[in-house]
Amino acid sequence: PRHIRVLLVEDSRDDAWLVQRQLERGGFAPDILRVEDASGVRGALQGGRWDLVVVDYSMPELSGLDAVRIVRQHCSSLPCLLVSGTVGEHLAVEAMRIGANDYLMKGNLTRLVPAVERELRESESRTERRRAERALAASEERTRLISEHALDAVVSFTARGQITEWNLRAEELFGRSRVEVIGRPMHEVVLASSVGTNGPASAINARLQGAAPSLNAIAKGAPTSAYA
């Protein structure tokens, strides 16, 4: 069985047992904490890590919609399911609007396990996507720092020769700031005082003839690269 931690916002012990039994029948081993008021929800969210929140719509101390709002204030991505004895169209629309991932009929919990499986998959996918985005951002920042502090001029350009990167050494070598050149054609910038262009690589080589500093031109997606 797959172990999951479930925060159950439910005032009825009998209904809580029905949710637990349905999850166990679906192949889960749920570790369930039951709370039934706003302070209980907030304390549980702050004090634990949860895979899933299941909220009863009708409770004496707290409405289900208010419970969903509390969950969303704490975490925008935590899977949250609303369970109700009667789910009208208006309630369903409102529940989804404020952040419930799905709504289920309390008298028919056959959709509970499929809904939980779907939301857990999507939650894992979101987590993995955020992890990949953070890793990419960190990698790009490392590359930027290396480029900025390189002793050589580093210039990147597209297959069409448009400049996408221009480090500090390139600014010193060519006398053009990064703001001036980003997005401009490479030959216009590099060959400001030269003639004859046969593409980015030859343009760079022509500009560099007789220049003491070196230029590393990295052609991202381009068929040619030039190093000097």
Nearest non-hydrogen partners of D102 and A115, listed with the distance: OD2-CB, 3.9 Å
Please check if the number of heavy atoms outside F28 that lie under 6.0 Å from its CZ is greater than 12. yes
Going from CG on D152 to CG on L173, what distance comes out if it is rounded to the nearest 0.5 angstrom? 10.0 Å
Over all heavy atoms of both residues, which pair between V83 and L109 is shortest? Give the atoms and the distance, please. CG1-CD2, 4.2 Å
Decide whether I32 and L18 are clustered together by the hydrophobic rule: side chain heavy atoms of Ile, Leu, Val, Met, Phe, Trp, Tyr closer than 4.5 Å, transitively. yes
Under 4.5 Å between any side-chain heavy atoms of E61 and D11, yes or no? no
Under 4.5 Å between side-chain heavy atoms, hopping through other hydrophobics if needed: is there a path connecting L91 to V93? no
Could you go step by step and tell me if R13 and R34 meet the side chain to side chain contact (heavy atoms under 4.5 Å, CB included) rule? CA-CA 9 Å; R13 292 181 181 273; R34 184 175 68 87; 3.4 Å; yes
If only side-chain N and O atoms count, and only distance matters, is there a donor-acceptor pair under 3.5 Å linking E122 with S125? no
In the structure I gave you, are the side-chain heavy atoms of L120 and R2 within less than 4.5 Å of one another anywhere? yes
Donor-acceptor pair, D51 side chain versus R5 backbone, under 3.5 Å? yes
Out of curiosity, S123 OG to L52 CG, how far, rounded to the nearest 0.5 Å? 9.5 Å
Step by step, work out the side chain to side chain contact (heavy atoms under 4.5 Å, CB included) result for E10 and V19. CA-CA 10 Å; E10 172 63 76; V19 170; 5.7 Å; no
Heavy-atom side-chain proximity of E36 to V9 below 4.5 angstrom: no
Under 3.5 Å donor-acceptor, W50 side chain and P79 backbone: no
Tightest non-hydrogen contact, residues A100 and V68, listed as N-CG1, 3.7 Å
Of the non-hydrogen atoms in A38 and L62, which two are nearest, and what is the gap between them? N-CD2, 3.8 Å
Output for pair (Q20 CD, R25 CZ), nearest 0.5 Å, gives 12.0 Å
Does the pair F157 and E165 meet the rule for a side chain to side chain contact (heavy atoms under 4.5 Å, CB included), with working shown? CA-CA 7 Å; F157 48 86; E165 187 52 68; over 6 Å; no
Assess the side chains of S12 and D14: does a donor N or O sit below 3.5 Å from an acceptor N or O? no
With sequence neighbours excluded, give me every side chain to side chain donor-acceptor pair (under 3.5 Å) pair touching residues 73-82. none
Residue of the set V113, L112, N108 for which side-chain contact (heavy atoms from CB on, under 4.5 Å) holds with T110: N108
What one should report as the nearest heavy-atom pair of L65 and A95 is CD2-CA, 3.9 Å
Worked check of side chain to side chain contact (heavy atoms under 4.5 Å, CB included) between I182 and T164: CA-CA 6 Å; I182 293 297; T164 60; 5.7 Å; no
Do the non-hydrogen side-chain atoms of K106 and S84 ever get within less than 4.5 Å of each other? no
Under 4.5 Å between any side-chain heavy atoms of V55 and L81, yes or no? no
Of all heavy-atom pairs between I163 and V181, which one has the smallest distance, and what is that distance? CB-O, 3.7 Å
Show your working on salt bridge (charged side-chain N to carboxylate O under 4.0 Å, His left out) between E94 and R69 and close with a plain yes or no. CA-CA 11 Å; E94 180 65 10; R69 290 188 181 95; 3.6 Å; yes
Nearest 0.5 Å please: distance from the CG atom of L8 over to the CG atom of L23. 9.0 Å
Contact check, side chains of V35 and L7, non-hydrogen atoms, under 4.5 Å: yes
Mind checking whether V71 and L33 sit in one hydrophobic cluster, side chains of I, L, V, M, F, W, Y counted as touching below 4.5 Å? yes
Taking side chain as C-beta onward, heavy atoms only, is V189 less than 4.5 Å from W166? yes
NE2 (H90) with more than 12 external heavy atoms under 6.0 Å: no
Residue pair E124, R121: steps toward the salt bridge (charged side-chain N to carboxylate O under 4.0 Å, His left out) verdict: CA-CA 5 Å; E124 291 170 356; R121 283 195 305 270; over 6 Å; no
Sidechain-backbone polar pair: R72 side chain, L78 backbone, donor-acceptor under 3.5 Å: yes
Considering only heavy atoms from C-beta outward, does the side chain of V53 approach that of V41 to under 4.5 Å? no
Straight-line distance of C75 SG to I70 CD1, nearest 0.5 Å: 14.5 Å
